[in-house]
Amino acid sequence: MAISIFPFIIVQIPKIFKLHSGHRLTVLLGLIVAALLVLAYCLYQVFQPWIQRRRLEYARLKHVMSGLLRHAQMHVFGRLLDEDGTPNVPVIEKLFHKIDLDNDGKLERGELQAFIIGIKFEDVDLDSSLAVDQIMADFDRSHNHTIEKREFVDGILRWLEEAKHSVATSGAYSKKFLQDFHTRTREEHNLLLDKDDEDGEAIENPTWTCFKAISLLLLGTAMAAAFADPLVDAVHNFSNATSIPSFFISFIAMPLATNSSEAVSAIIFASRKKQRTLSLTFSEVYGAVTMNNTLCLAVFLALVYVRDLTWDFSAEVLVIFLVCTIMGLFTSFRTNFPLWTCFVAYLLYPLSLIIVYVLDFKFGWS
């Protein structure tokens with residue numbers, strides 16, 4: 001969503017640097033970038049299932065990692081981490097020798113699988129063969145299909161470092177540290193697994209589904225093109241007939257009307273009060289803003305370029321930049337949102353109206 005503001009910035013370059021030429025070129029560049037962003041966003045949606053599977057595979061590896069570390073902490077003599085967070089290499093070597101049943105100084109697939117089965121991941125239905133494949137891929141840096149002691153120690157050290165980054169501590173690493181890490185990875189794994197189950201519904205006829213989706217998109221685009229000009233005339237005539245300021249129609253009434261469908265569907269998703277549906281609420285909002293900033297802007301810039309129109313929207317671009325940047329940064333560093341955060345978002349709306357009104361009608365920005 002934050003990246004989608006780049007076309008606006010490109011088109012605004014002549015105004016920012018007060019250039020007397022290059023306006024048409026920047027409009028063309030903004031159009032190209034906006035079109036490329038639309039394509040990139042669509043491709044991201046197409047490859048989202050593959051991305052989700054990769055995330056699930058990594059979550060499974062993390063769960064194997066946390067379970068193995070917790071088991072080692074509980075059943076191997078000594079702690080894997082000292083209180084200051086320093087790894088205890090001798091204890092890691094004891095763990096290696098415990099897994100190495102034939103004492104040949106290297107771990108084969110059968111030994112790893114026997115150890116993983118012995119851990120008994122009772123909270124997750126784990127495929128031990130898949131878990132072994134993931135450990136071998138992560139630890140076997142020499143690619144000789146076995147894990148030597150040095151590779152095992154290095155791998156466990158990497159896992160411990162990741163555990164330290166995943167679980168916040170006050171500086172001291174207690175015996176519960178690895179248990180907390182295991183609990184967190186289990187929750188992440190279950191969350192992704194539930195989402196994968198919900199998203200993984202089989203499509204009986206994918207070809208027909210794609211054809212239908214493309215047809216509806218083309219139909220919607222044609223309807224928008226057909227009714228756009230009459231809509232503008234109707235709004236303009238309505239403003240003149242009722243003496244309602246065009247500012248109110250353009251920046252309050254029309255945005256509320258055109259974005260009502262996204263708002264209603266987002267509220268419906270949120271009203272179910274489940275983590276999955278709440279995520280869909282955010283996806284609905286992010287997706288709507290992204291498409292407005294890319295697809296709608298691309299169409300608009302195409303008209304500006306083809307008809308050689310003047311770009312005079314500095315105040316509006318400033319507002320779009322501020323809102324998308326503030327909300328983009330704000331939501332990029334949070335995964336849950338207390339009640340007070342909604343007031344920050346709500347205040348941006350009247351603040352945006354004030355900025356546009358003052359800059360356009362008081363300072364004469366263009």
Side-chain angles (χ1 to χ4, degrees), residues 1-12 26-52 199 209-229 231-232 235 250-270 276-306 311 313 316-332 345 348-349 352 356:
M1 183 192 74
I3 292 173
S4 67
I5 63 175
F6 283 147
F8 289 98
I9 298 174
I10 293 172
V11 178
Q12 203 63 23
T26 54
V27 170
L28 178 60
L29 290 175
L31 168 60
I32 294 172
V33 172
L36 290 176
L37 287 175
V38 173
L39 178 62
Y41 186 70
C42 293
L43 289 175
Y44 170 77
Q45 298 298 333
V46 170
F47 288 104
Q48 177 66 14
W50 177 82
I51 296 172
Q52 185 69 12
D199 290 344
T209 302
C210 289
F211 175 77
K212 182 179 178 181
I214 293 172
S215 300
L216 289 174
L217 284 172
L218 293 175
L219 176 62
T221 303
M223 291 175 62
F227 291 107
D229 196 46
L231 176 62
V232 173
V235 171
S250 302
F251 291 98
I252 298 178
M254 287 298 296
L256 291 176
T258 55
N259 293 301
S260 59
S261 61
E262 289 88 352
V264 170
S265 59
I267 291 171
I268 291 173
F269 284 136
R276 171 65 177 148
T277 55
L278 289 174
S279 296
L280 288 173
T281 299
F282 286 107
S283 297
E284 184 79 18
V285 175
Y286 296 147
V289 176
T290 302
M291 293 306 290
N292 280 334
N293 288 353
T294 54
L295 180 60
C296 296
L297 178 64
V299 174
F300 184 62
L301 289 178
L303 292 173
V304 172
Y305 182 78
V306 170
W311 176 270
F313 303 100
E316 291 81 356
V317 169
L318 177 62
V319 164
I320 292 172
F321 175 81
L322 289 175
V323 172
C324 289
T325 301
I326 292 172
M327 293 308 300
L329 292 174
F330 188 65
T331 55
S332 292
L348 287 175
Y349 180 52
S352 301
V356 171

**Q** Can you tell me how far the CG atom of L37 sits from the CG atom of L297, to the nearest 0.5 Å?
**A** 9.5 Å

**Q** Can you tell me if CD1 on I32 sees more than 12 non-hydrogen neighbours from other groups inside 6.0 Å?
**A** yes

**Q** So which atom in P255 and which in S250 form the shortest heavy-atom distance, rounded to 0.1 Å?
**A**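 Looking at all heavy atoms of both residues, the shortest contact is CD-O, 3.2 Å.
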
**Q** Looking only at heavy atoms, what is the nearest atom pair of G30 and P7, with distance?
**A**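 The answer is O-CB, 3.7 Å.
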
**Q** Are V285 and M1 side-chain neighbours, meaning at least one heavy-atom pair lies under 4.5 Å?
**A**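 V285 does not reach M1 side chain to side chain.
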
**Q** Take atom CZ in F211; do more than 12 heavy atoms of anything else shown fall under 6.0 Å from it?
**A**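 Not buried by this count: 12 neighbours or fewer within 6.0 Å.
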
**Q** Give me the atom names and distance for the closest heavy-atom approach of L301 to V27.
**A**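 For L301 versus V27, the nearest heavy atoms are O-CG1, 3.7 Å.
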
**Q** What's the spacing between I5 CD1 and F321 CZ if we round to 0.5 Å?
**A** 5.0 Å

**Q** Run the ring-centre check on F300 versus F313 and record whether the distance is less than 6.0 Å.
**A** yes

**Q** How long is the span from the CZ atom in F330 to the OG1 atom in T325, to the nearest 0.5 Å?
**A**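 Going from CZ on F330 over to OG1 on T325, the span is 14.5 Å.
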
**Q** Counting N and O atoms only, with roles assigned by atom type, does the side chain of S4 sit under 3.5 Å from a partner on the main chain of N293, one being a donor and the other an acceptor?
**A** no

**Q** What's the separation between atom OG in S352 and atom CD in E316, rounded to the nearest 0.5 Å?
**A** 11.0 Å

**Q** Let me confirm one number: the CD1-OG1 distance from I9 to T26, rounded to the nearest 0.5 Å.
**A**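 Rounded to the nearest 0.5 Å, the CD1-OG1 separation comes out at 13.0 Å.
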
**Q** Find the distance between CG (L219) and NZ (K212) and round it off to the nearest 0.5 Å.
**A** 12.5 Å

**Q** Should we say atom CZ of F47 is surrounded by more than 12 heavy atoms from elsewhere, each under 6.0 Å from it?
**A**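 No, because the 6.0 Å sphere around CZ of F47 holds 12 heavy atoms or fewer from other groups.
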
**Q** Does a side-chain heavy-atom distance below 4.5 Å link V317 with W311?
**A**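 Yes; the side chains approach each other to less than 4.5 Å.
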
**Q** Does the side chain of N259 reach to within under 4.5 Å of the side chain of N292, using non-hydrogen atoms?
**A**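 N259 reaches N292 side chain to side chain.
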
**Q** How close do G328 and A2 get, heavy atom to heavy atom, and via which atoms?
**A**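 Heavy atoms of G328 and A2 come nearest at CA-CB, 4.4 Å.
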
**Q** Applying side-chain hydrogen bond (donor to acceptor under 3.5 Å, both in side chains), name anything that partners T294, two or more places apart in sequence or on another chain.
**A**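 Counting only residues at least two positions away or on another chain, T294 forms no side-chain hydrogen bond (donor to acceptor under 3.5 Å, both in side chains).
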
**Q** Where is the tightest heavy-atom contact between V38 and L295, given as atom of each residue plus distance?
**A**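 Scanning both residues completely, I find the closest heavy atoms to be CG2-N, 3.3 Å.
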
**Q** Quick one: does V323's side chain get under 4.5 Å of Y349's, heavy atoms only?
**A** no

